[in-house]
Amino acid sequence: MSDSLRSVGILGTGSCLPDKEVTNYDLEKIVDTSHEWIVSRTGIHKRRIVDDATATSDLSTEAAKKALEKANIKPEELDLIIVATVTPDMSFPSTACIVQSNLGATNAAAFDLEAACSGFLYGISIGQQFIATGMYKHVLVIGAETLSKILNWNDRNTCVLFGDGAGAVVLGPTEKDKGILSTYLGADGEGGKFLTLPAGGSRMPASVQTVEENLHYVKMDGSEVFKFAVRIMGNAAKKALDMCKLDVADIDYLVPHQANIRIISSAAKRLKLPMDKVYVNLDVYGNMSAASIPVALDEAVSKGEIKKDDIVVLVGFGGGLTWGSCVIKW
Ligand code: UT7
């Protein structure tokens, strides 16, 4: 980072998970699947699901309150709120504006961003730039999803994989040479077709036909996404390390996107990083898209597994296709 730019760190983390647990055994009752298949192919045992009345802004607000408390920052001190999500409460107003109102963050600008499972990393990178340049002091970045609302619960290819949740961080200025050391983002729109929600936008507005054809639900070519993910996770982590002149050997903790234990282990293997340096919670939450990384980060920090001065790498991939990574000196 150029000397004229401020160093930016994570001042506080928070998360919010719905209470309701859905186990693989529960899913066996609604689709043709088995606990054994799901565990052996994904590593997922259960996931959390919101009730009908809960929307993404509700989880986001709770996660944000906890992050603000940990950071010891009042809502009025926030300059910007970014919510990364593919499950906004509605097209507009943005979920970020709803959160702004819920928090009483009256001095904050607010917008949503959509980069699927990579959304939180995109948000971190954007928030960092605003603070580094001196434009803003405190930015709240939230990754939040209620994916249960856009899953076809008759489609075993997708409904067993995902869960709901929200994670948040407060970014702010920090000591020189600490905090976010690098961020790297990428996209490949050619692969967009492998993970989509086709209807409800301007290409295919909602109609009786789109509802009848289940076009408002997630469609995924799992094996194509799998191949992409295995390749990109290691590459993206290395790229962010190169950008701040660090090496895999310097990593104290890797917090990857939580999509599939086989993707995570093969990325760790490619990096030659032992699994005891990798945070995994997909067994209990499944894939929470943009919420996976911030929830995992909050848990690792709260448990004391990430400590002062640790080198932490965040890395993720998702629909778009998109990917991102980030190196932080904690
Ligand atoms: O955050 C990004 C979002 N997405 C991802 O990260 C997903 C990445 N992909 C994956 O994690 C894996 O590809 C899956 C877990 C989705 C699938 O695992 P796979 O080892 O790639 O299985 P597959 O797609 O090759 O399917 C194998 C078989 C198929 O049956 P046939 O055609 O071989 O007879 C599927 O129909 O497994 C079947 N199958 C299931 N069987 C039982 C697919 N889903 C299920 C299921 N239960 N839930």
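Whatever order the structure lists them in is the order used to number ligands and atoms, beginning at 1. As a basis for the values below, the full set of heavy atoms in this structure was taken, side chains included, without hydrogen atoms, waters or symmetry mates. Since the structure is predicted, the reported quantities are computational estimates derived from the model, not experimental observations.
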### Steps toward side chain to side chain donor-acceptor pair (under 3.5 Å) verdict (Asp89, Ser57)
CA-CA 7 Å; Asp89 287 23; Ser57 65; 2.5 Å; yes

### Query
Can you list the steps and then say if His216 with Asn152 is a side chain to side chain donor-acceptor pair (under 3.5 Å)?
CA-CA 9 Å; His216 297 271; Asn152 179 348; over 6 Å; no

### Message
Checking contacts now, so for atom 31 (P) of ligand 1, which I'm interested in, is there any protein heavy atom under 4.0 Å?
### Response
no

### Message
Protein non-hydrogen atoms only, distance under 4.0 Å: does atom 25 (O) of ligand 1 have such a neighbour?
### Response
no

### Heavy-atom protein neighbour under 4.0 angstrom from atom 4 (N) of ligand 1
yes

### Query
How far is atom 20 (O) of ligand 1 from its nearest protein heavy atom, and which residue and atom is that?
Arg41 NH2, 2.5 Å

#### Entry: Crowding at CD, Glu69 (>12 non-hydrogen neighbours, <6.0 Å)
no

### Task
Go through the steps to decide whether Thr85 and Thr95 satisfy the test side chain to side chain donor-acceptor pair (under 3.5 Å), and finish with yes or no.
CA-CA 9 Å; Thr85 185; Thr95 302; 5.8 Å; no

### Query
Against heavy atoms of Val160, which atoms of ligand 1 measure under 4.0 Å?
48 (N)

### Message
Against the six-membered ring of Tyr253, is Lys277 placed for a cation-pi contact (under 6.0 Å from the centre, within 45° of the normal)?
### Response
no

#### Entry: Identity and distance of the protein heavy atom lying nearest atom 6 (O) of ligand 1
Ala259 CB, 3.3 Å

### Query
Do protein heavy atoms approach atom 13 (O) of ligand 1 to less than 4.0 Å?
yes

### Summary
Residue, atom and distance of the protein heavy atom nearest atom 19 (P) of ligand 1 read Arg262 NH2, 3.7 Å

### Task
Enumerate the atoms of ligand 1 whose separation from the nearest heavy atom of Thr42 is less than 4.0 angstrom.
15 (C)

### Query
Which of the atoms of ligand 1 are close to Ser223, meaning less than 4.0 Å from one of its heavy atoms?
13 (O)

### Task
Taking atom CD of Glu36 as the centre, report whether more than 12 heavy atoms of other residues, nucleotides or ligands fall under 6.0 Å from it.
yes

### Task
Starting from atom 47 (N) of ligand 1, find the nearest protein heavy-atom neighbour and note its residue, name and distance.
Thr33 OG1, 2.7 Å

### Task
Using a cut-off of 6.0 Å, state whether more than 12 heavy atoms not belonging to Asp247 lie near its atom CG.
yes

### Query
What residue and atom, counting heavy atoms only, is the protein's closest point to atom 9 (N) of ligand 1, and at what distance?
Gly222 O, 3.0 Å

### Task
Give the residue, atom name and distance (to 0.1 Å) of the protein heavy atom nearest atom 29 (C) of ligand 1.
Arg156 NH2, 4.7 Å

### Query
What is the nearest protein non-hydrogen atom to atom 43 (C) of ligand 1, stated with its residue, atom name and distance?
Asn157 OD1, 3.2 Å

### Task
May I ask you to check whether over 12 heavy atoms, not counting those of Asp309, lie within 6.0 Å of atom CG?
yes

#### Entry: Any protein heavy atom nearer than 4.0 Å to atom 45 (C) of ligand 1
yes

### Task
Verify the contact flag for atom 37 (O) of ligand 1, where contact means a protein heavy atom under 4.0 Å away.
yes

### Query
Between Tyr279 and Glu299, is any side-chain donor less than 3.5 angstrom from a side-chain acceptor?
yes

### Query
Any chance CG of Asn72 has more than 12 other-residue heavy atoms, nucleotides or ligands included, within less than 6.0 Å?
no

### Message
Which option wins on minimum heavy-atom distance to atom 42 (C) of ligand 1: Phe194, Trp37, Phe162, Phe317?
### Response
Trp37

### Summary
The answer for which part of Val31 has a heavy atom under 4.0 Å from ligand 1 is neither

### Query
N/O of Cys117 under 3.5 Å from N/O of ligand 1, yes or no?
no

### Crowding at NZ, Lys137 (>12 non-hydrogen neighbours, <6.0 Å)
no

### Query
Counting each atom of ligand 1 from 1 as listed, which ones have a heavy atom of Leu195 under 4.0 Å away?
3 (C)

### Message
Is there a side-chain contact between Gln258 and Asn281 in this structure, where contact means two heavy atoms from C-beta onward sitting under 4.5 Å apart?
### Response
yes

### Query
Of all the heavy atoms in Ala229, does at least one lie under 4.0 Å from an atom in ligand 1?
no

### Task
Please check atom 34 (O) of ligand 1 for a protein heavy-atom neighbour under 4.0 Å.
no

### Query
Counting each atom of ligand 1 from 1 as listed, which ones have a heavy atom of Asn287 under 4.0 Å away?
1 (O), 2 (C), 3 (C)

### Task
Flag yes if more than 12 heavy atoms outside Lys66 fall under 6.0 Å of its NZ atom; otherwise flag no.
yes

### Query
Nearest to atom 11 (O) of ligand 1, what protein heavy atom do you find, and at what distance?
Asn260 ND2, 2.7 Å

### Query
Hey, is the main chain of Thr13 close enough, under 3.5 Å, to the side chain of Lys70 for a donor-acceptor pair?
yes

